[in-house]
*Asks:* 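Take this structure, written in structure tokens, and hold onto it; I'll ask about it next.
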Amino acid sequence: MKKHYLLLLLILPLLSQGQTIEFESSTTADLSGYTGIDEFAGLGEYEIFLDTNNGVLDKPIILIDGFDPGDTRTITGLYDLLDFTGSQGNQNLGDLVRAQGFDVVVLNFPSYLRLSDNTLLNIDDATDTNADLVIDELDYAGSTLINGGADFIERNSMLLVDLINVLNADKVGDEDLVIIGPSMGGLISRHALNYMESNSLDHQTRLWISFDSPHLGANVPLGFQHQFNFLAFGLGDDLNVVELQPVVDGLLKSPAARQLLIDHFESHLQSGSDVVFDPTKLLPEAHPYRNVFLSNLGGYPQNTRNVSMINGSGIGSPYQSIANTPVTPGFQALNLQNLALPDVPPLSNVNATININLTPATTDGSQLISKLRVEGFFIFPITLIDVEVNAQAPTYTDGVDAASGGLFDLGGFTQGLGGDPLIDSFLSALTLDKFSFIPSVSSMALNSNPVGEDNWYHDINLGSPGSNGDTLNETPFVNWYMPDENENHVQLTEQNVAFALSEIMPETLSNVAFENIVSLKIEKNPIDHELTILSNKIVNDAKISIIDITGKSVFQTIHTLENRLTIPLNLDSGLYVLNVETKDNFKYRIKIIVK
């Protein structure tokens, strides 16, 4: 049953975890920059998972869904995305923070119908009125299906604004919020926080974690975009792969994809055609929606601590092909010969040749990225389709497709489409099972010079977070976690979970009294196999202990601190608390991360 926003403030204190709350945004997003787009309040839903200590909503952490066409992830599924495997087996970040007294609030953007009277109806609450086994617009005359998980970022942002206001009104105590924005959720939260600050609305948020979010844009290789679109709509009524049409319409043509993709296939189409590329448009070109969105998005929140976790390599490592070879610009992703297609009378032995290459290096000029040739036989061979598409990299960077980044599983495009011979043959012939979806440079939001000319292969060298004088690049984030190897998009690992915990959990002991007598620093953090403590004074017989996240003491020793002390360690990866105590009971405490 639908619950409207005006009721939320009244009923929220009566609700316990386990109940999904559905609401409509109280503010309609400004979409006036997009031509011909209706403006209306969006529909969202959330669930509160209270902490496992006192069960009171007093330390909310908001987790926001990202790009999710068709709302394939339920709220429970979103919570499960916090699962990770570490040295202590299978764990969940949500469970860990709840055990420390934090409450997890999951915000989802469902698919819904906008009815002819402008009311909104969640697809889960809709009825198959015409008994065709599909719930869609045909069941409600004059309705429009809104794919919430791929809708305009601005509209979903207004839902987050309302949720922030509700949580701040109903939480117990004065603890500020923590917001975690994975993927597109990082941009939804960035827009929401900017909107609140611009309108003098107190979001009461102390920490914003951007998790593999496409601040400079996301990437789907243009060769794949062309192939999916042409196979779905360009082969003709007898040959079109109709199963791919929802992938194109619901994913690639969604408002969010148009807002986010660095290079979008629709901008390469010939005027008046839905499938034919303009051979003169060789350079990357975003959809017109992208510039409108960037204008609406603005900068970065000013009243929060902004940190970034990314899944792309922070040292420029290439990602690997199925054969474990490095992926480079122009890499051949598919070479499929003599793929059997249904006969088209009077033609028999209809077959296809399909080639897909990644976008090339700048020095290679214009190169083939997509080829489709379909032939049949009638007395003699006849060519039905012969299409070749070229692309060219700009002068300031090689083609983005082979850049380091958070990796997207190609199977995600065709999930649920197995069984179609063409799709199965297509997938089995791929030399790539993943592609760079969120380039590392994008998720770190590195400044480019000139603006907009982003070098996707830039050698990221940010120095140490908070350091002075050694930052070689500029980023809006004050702290970050970057792995050495490329990982799956929004994949949690023991290492990035430890980083997230170190940011979420504030210090509980002051170092002021200790630092009145001595200044201590950790030489590097995260650490590996040894801990180095730097001291500006001699501290005799200091007690040094290390505590894990469960409160268990895993290391104890007594040392004299003088200048530079290195202590060998053999600890599992994770987050720990280092305690140093003097004979006079002065205490120093800091979180450390073990790689």
Side-chain angles (χ1 to χ4, degrees), residues 36 67 69-70 134 136-138 144-145 147 150 219-261 263-282 284-289 333-334 336 339-345 347 350-357 368-376 382-391 410-427 429-430 435:
F67 187 67
V134 178
D136 55 19
E137 295 102 321
L138 298 178
T144 303
L145 178 64
N147 193 343
N219 174 62
V220 174
L222 187 61
F224 281 99
Q225 293 186 58
H226 172 263
Q227 283 288 344
F228 285 135
N229 185 55
F230 206 100
L231 292 173
F233 296 102
L235 299 178
D237 292 340
D238 294 327
L239 292 176
N240 283 340
V241 185
V242 295
E243 292 85 357
L244 283 175
Q245 291 177 0
V247 175
V248 175
D249 288 336
L251 192 155
L252 292 177
K253 288 186 176 181
S254 67
R258 289 169 169 172
Q259 291 177 307
L260 295 179
L261 288 182
D263 198 4
H264 195 278
F265 81 94
E266 288 182 283
S267 294
H268 291 265
L269 295 173
Q270 280 187 357
S271 178
S273 176
D274 293 328
V275 294
V276 179
F277 271 33
D278 185 335
T280 67
K281 293 187 174 182
L282 297 174
E285 188 172 346
H287 191 278
Y289 278 13
L334 181 70
L336 187 55
L339 173 63
L341 298 178
D343 288 342
V344 183
L347 298 181
V350 178
N351 66 88
T353 296
I354 305 176
N355 296 104
I356 300 176
N357 298 330
L368 180 76
I369 60 165
S370 179
K371 175 182 175 65
L372 178 62
R373 183 181 178 90
V374 179
E375 296 178 319
I382 296 176
T383 299
L384 300 177
I385 297 170
D386 191 2
V387 175
E388 291 188 359
V389 172
N390 280 28
L410 269 167
F413 278 114
T414 54
Q415 187 174 6
L417 301 181
D420 183 286
L422 189 150
I423 295 175
D424 288 346
S425 298
F426 184 100
L427 293 176
L430 288 169
F435 62 83

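Just so you know, these numbers come straight off a predicted model, no measurement behind them. Side-chain atoms are counted along with the backbone in the values below, which use heavy atoms only and exclude waters and symmetry mates. Along the sequence shown, the residues carry numbers beginning at 1.
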*Asks:* Main chain of Glu285, side chain of Asp263: is a donor-acceptor contact present, judged purely on distance under 3.5 Å?
*Replies:* yes
*Asks:* Test of understanding: with side-chain hydrogen bond (donor to acceptor under 3.5 Å, both in side chains), list the residues that count as partners of Asn357, not counting sequence neighbours.
*Replies:*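 Not a single residue meets the side-chain hydrogen bond (donor to acceptor under 3.5 Å, both in side chains) criterion with Asn357.
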*Asks:* Is any side-chain heavy atom of Val248 closer than 4.5 Å to one of Phe265?
*Replies:*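 Yes - at least one pair of side-chain heavy atoms lies under 4.5 Å apart.
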*Asks:* Donor-acceptor pair, distance only, cut-off 3.5 Å: does the side chain of His268 make one with the backbone of Phe277?
*Replies:* no
*Asks:* Holding to side-chain contact (heavy atoms from CB on, under 4.5 Å), I want the full list of residues that pass it with Gln245, two or more places apart in sequence or in another chain.
*Replies:*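 side-chain contact (heavy atoms from CB on, under 4.5 Å) check on Gln245 returns Ala232, Phe233, Asn240, Val242.
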*Asks:* List in chain and number order the residues that pass side-chain hydrogen bond (donor to acceptor under 3.5 Å, both in side chains) with His226, two or more places apart in sequence or in another chain; answer none if no residue qualifies.
*Replies:*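 Counting only residues at least two positions away or on another chain, His226 forms a side-chain hydrogen bond (donor to acceptor under 3.5 Å, both in side chains) with Ser370.
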*Asks:* Output all residues satisfying ring-ring contact (aromatic ring centres under 6.0 Å, His included) with His287, sequence neighbours left out; order by chain, then residue number.
*Replies:*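 His287 satisfies ring-ring contact (aromatic ring centres under 6.0 Å, His included) with His264, Tyr289 only.
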*Asks:* Work out which heavy atom in Glu375 is nearest to a heavy atom in Thr383; give both atom names and the distance.
*Replies:* OE2-OG1, 3.8 Å
*Asks:* When the side chains of residues 252-261 are checked against the rest of the protein, which donor-acceptor pairs come out under 3.5 Å, sequence neighbours left out?
*Replies:*
unit_1	atom_1	unit_2	atom_2	d
Ser254	OG	Leu251	O	2.8
Ser254	OG	Ala257	N	3.2
Arg258	NE	Lys253	O	3.3
Arg258	NE	Glu266	OE1	2.8
Arg258	NH2	Glu266	OE1	3.3
Arg258	NH2	Glu266	OE2	3.0
Gln259	OE1	Ile153	N	3.1
Gln259	NE2	Tyr34	OH	2.8
Gln259	NE2	Glu154	OE1	2.8

*Asks:* What is the minimum heavy-atom distance between Leu336 and Ala429, and which atoms define it?
*Replies:* CD1-CB, 3.6 Å
*Asks:* If I compare all heavy atoms of Leu235 with all of Ile385, which pair ends up nearest, and what's the gap?
*Replies:*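 What the structure gives for the nearest pair is CD2-CD1, 3.5 Å.
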*Asks:* Restricting to side-chain contact (heavy atoms from CB on, under 4.5 Å), what partner residues turn up for Leu430, sequence neighbours left out?
*Replies:* Phe224, Leu334, Leu410, Phe426, Leu427
*Asks:* Could you tell me which residues satisfy side-chain contact (heavy atoms from CB on, under 4.5 Å) with Val276, sequence neighbours excluded, listed by chain and number?
*Replies:* Gln270, Ser273
*Asks:* With sequence neighbours excluded, tell me which residues meet salt bridge (charged side-chain N to carboxylate O under 4.0 Å, His left out) with Asp386.
*Replies:* Lys371, Arg373
*Asks:* In the structure I gave you, are the side-chain heavy atoms of Pro284 and Ser267 within less than 4.5 Å of one another anywhere?
*Replies:*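 A side-chain contact is absent here, since even the closest heavy-atom pair is not under 4.5 Å.
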*Asks:* With sequence neighbours left out, write down each residue that passes side-chain hydrogen bond (donor to acceptor under 3.5 Å, both in side chains) with Ser271, or none if nothing qualifies.
*Replies:*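 Counting only residues at least two positions away or on another chain, Ser271 forms no side-chain hydrogen bond (donor to acceptor under 3.5 Å, both in side chains).
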*Asks:* Quick one: CG on Asn229 to CG on Asp249, what's the gap to the nearest 0.5 Å?
*Replies:* 8.5 Å
*Asks:* Tell me the closest heavy-atom pair linking Ile382 and Leu347, and the distance in Å.
*Replies:* CD1-CD2, 3.8 Å
*Asks:* The criterion is side-chain hydrogen bond (donor to acceptor under 3.5 Å, both in side chains); which residues satisfy it with Asn147, sequence neighbours excluded?
*Replies:*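 So Asn147 forms no side-chain hydrogen bond (donor to acceptor under 3.5 Å, both in side chains) with any residue.
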*Asks:* With a 4.5 Å heavy-atom cut-off, do Asn351 and Leu339 have their side chains touching?
*Replies:* no
